[in-house]
Amino acid sequence: MTLYGLDATTDDATTRESATPESTTPEGTTPGSTTLHSTTLDSATLVRTLIAAQFPHWADLPVRAVDASGTANSVYRLGEDKAVRLPRTESSAADVATEHHWLPRLAPQLPVPVPTPLAQGAPAEGLPWAWSVCTWLEGDNPTPGDGTWAPELFAADLAEFVLAVRRVDTADGPPAYRAEPLASRDERTRKVIAGLDGVLDAAAASAAWEDALAAPGFTGAPVWVHGDLQPGNVLVAEGRLTGVIDFACMGLADPAVDLIAAWYLLPAAARQTFRTAVEADDASWRRGRGWALSIAVMELAAYRESNPAMARNAWWVIGELLAG
């Protein structure tokens, strides 16, 4: 399957109005914010209407829906080299301006392609928020645990990307969505784990969470992070990283946030390759495990009955974390 993203997969991270996960529901919307029903946006007709009215020079290009599991945006392919992203929620619409501002600045400093914003659409009938047109990136979403390719090379590619993001100048950088200390997620994470008792091994999950909280906290200067390195947000070809998409969570934070990639994207055998390359010490690695666990249990609670793809990802991560 070939995907373009800027929003192939998200969890609870679709708003920059607050850096605390407690400000959002597990479904990824800010309480009280507006959400459009999926049928409103799952319409190529709406996309054609918007394009014809606001970008008539693209009006003759074909529009095709993209089969993706994202919860914050509906994505359509426009012609062969463009994509249209329509925010499903008011909070995800707020990310349009952020991505249009920062992605062109980050892109030249990264080792793989990222979407290039081409145009920012205005609110219109049928869509009351800003929307965007960006470049289409070719590639497949990786499947963690797939034994048909050599994950060590992919792990090295991921590490190169993470390190390149960290090196971006932090001047004027915004806080990442996950800029808060890991401990600030404690109450909500424990509540979600307790609610999943019987669905997963709540005792083991709680022990893993407590170990992450016991790790020394981050005391350095925040660095740039992607913030959401999950299968739906990266692209591969022949087992190598070829693109990274969905930068809605980007910004300045504890670098351990991007270590979630070790469990979301890699099998156990390749994690040490990644860890060594990014030079993650014990404290950072434990915080990274905590971030991965907190995000995954929230995704599982939110999507195990409504979004099979995201639920499968969450199950994989939790299983890997609890395996040791």
Between D281 and S284, is any side-chain donor less than 3.5 angstrom from a side-chain acceptor? yes
List the atom pairs, with distances to 0.1 Å, where a side-chain N or O of residues 102-124 and a protein N or O form a donor-acceptor pair under 3.5 Å, not counting sequence neighbours.
residue : atom : partner : partner atom : Å
R105    : NH1  : H101    : O            : 2.3
Q109    : NE2  : R105    : O            : 3.1

Mind checking whether [X] and [Y] have side chains closer than 4.5 Å, heavy atoms only?
| X | Y | result |
| --- | --- | --- |
| F218 | P181 | no |
| I51 | V63 | no |
| L293 | V297 | yes |
| V317 | E299 | no |
| R188 | K191 | no |
| T242 | E138 | no |
| W136 | V66 | yes |

With rounding to the nearest 0.5 angstrom, report the [atom1] to [atom2] distance, [X] to [Y].
| X | Y | atom1 | atom2 | value |
| --- | --- | --- | --- | --- |
| E279 | L163 | CD | CG | 7.0 Å |
| T135 | K82 | OG1 | NZ | 9.5 Å |
| L182 | S294 | CG | OG | 6.5 Å |

Are W315 and L229 joined in one hydrophobic group, where the rule is that I, L, V, M, F, W and Y side chains link up if heavy atoms are under 4.5 Å apart? yes
Give me the atom names and distance for the closest heavy-atom approach of [X] to [Y].
| X | Y | result |
| --- | --- | --- |
| W285 | R271 | CH2-O, 4.0 Å |
| L200 | A205 | CD1-CB, 4.2 Å |
| A208 | L322 | CB-CD2, 4.1 Å |
| I295 | R185 | CG1-NH2, 3.8 Å |
| A202 | D197 | CB-OD1, 3.5 Å |

Which pairs of donor and acceptor atoms, one on a side chain in residues 151-162, lie under 3.5 Å apart (sequence neighbours left out)?
residue : atom : partner : partner atom : Å
D157    : OD1  : R240    : NH2          : 2.8
D157    : OD2  : R240    : NE           : 2.7
D157    : OD2  : L241    : N            : 3.1

Going by an N to O cut-off under 4.0 Å, is there a salt bridge joining E99 and R85? yes
Is there a side chain to side chain contact (heavy atoms under 4.5 Å, CB included) between L235 and N141 once you walk through the steps? CA-CA 5 Å; L235 300 174; N141 297 131; 3.8 Å; yes
Is the number of heavy atoms from other residues, nucleotides or ligands within 6.0 Å of CG (D172) greater than 12?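 No - once you tally the heavy atoms of other residues, nucleotides and ligands closer than 6.0 Å, there are 12 at most.
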Around atom CZ of R48, are there more than 12 heavy atoms from other residues, nucleotides or ligands closer than 6.0 Å?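 Enclosed: over 12 neighbouring heavy atoms sit under 6.0 Å from CZ of R48.
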Please verify the inter-ring angle class for W58 with F55; under 30° counts as parallel, over 60° as perpendicular, anything in between as tilted. tilted
Looking at residues at least two apart in the chain, or sitting in another chain, which of them share a salt bridge (charged side-chain N to carboxylate O under 4.0 Å, His left out) with R64?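 Expected list: E80.
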Acceptor/donor pairs from residues 250-259 side chains to any protein atom, 3.5 angstrom cut, sequence neighbours excluded:
residue : atom : partner : partner atom : Å
D254    : OD1  : A256    : N            : 2.9
D254    : OD1  : R287    : NH2          : 3.2
D254    : OD2  : R287    : NE           : 2.7
D254    : OD2  : R287    : NH2          : 3.4
D258    : OD1  : H226    : N            : 3.4
D258    : OD1  : G227    : N            : 2.9
D258    : OD2  : H226    : N            : 2.9

Side chain to side chain contact (heavy atoms under 4.5 Å, CB included), that's the test. Do T273 and L266 meet it? Break it down for me. CA-CA 10 Å; T273 298; L266 296 171; over 6 Å; no
Before you tell me yes or no, could you show the steps for W131 and Q54 under side chain to side chain contact (heavy atoms under 4.5 Å, CB included), namely the whole-Å CA-CA distance, both residues' side-chain angles and the distance that decides it to 0.1 Å? CA-CA 11 Å; W131 51 284; Q54 300 187 30; 3.7 Å; yes
Name all pairs fulfilling the side chain to side chain donor-acceptor pair (under 3.5 Å) condition that reach into residues 201-215, sequence neighbours left out, sorted by first residue then second. D186-W209, R190-E210, D211-R286
Derivation of the side chain to side chain contact (heavy atoms under 4.5 Å, CB included) call for H100 and S132: CA-CA 9 Å; H100 275 249; S132 62; 3.3 Å; yes
Residues in side-chain contact (heavy atoms from CB on, under 4.5 Å) contact with T219, at least two apart in sequence or another chain: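 T219: no side-chain contact (heavy atoms from CB on, under 4.5 Å) contacts found.
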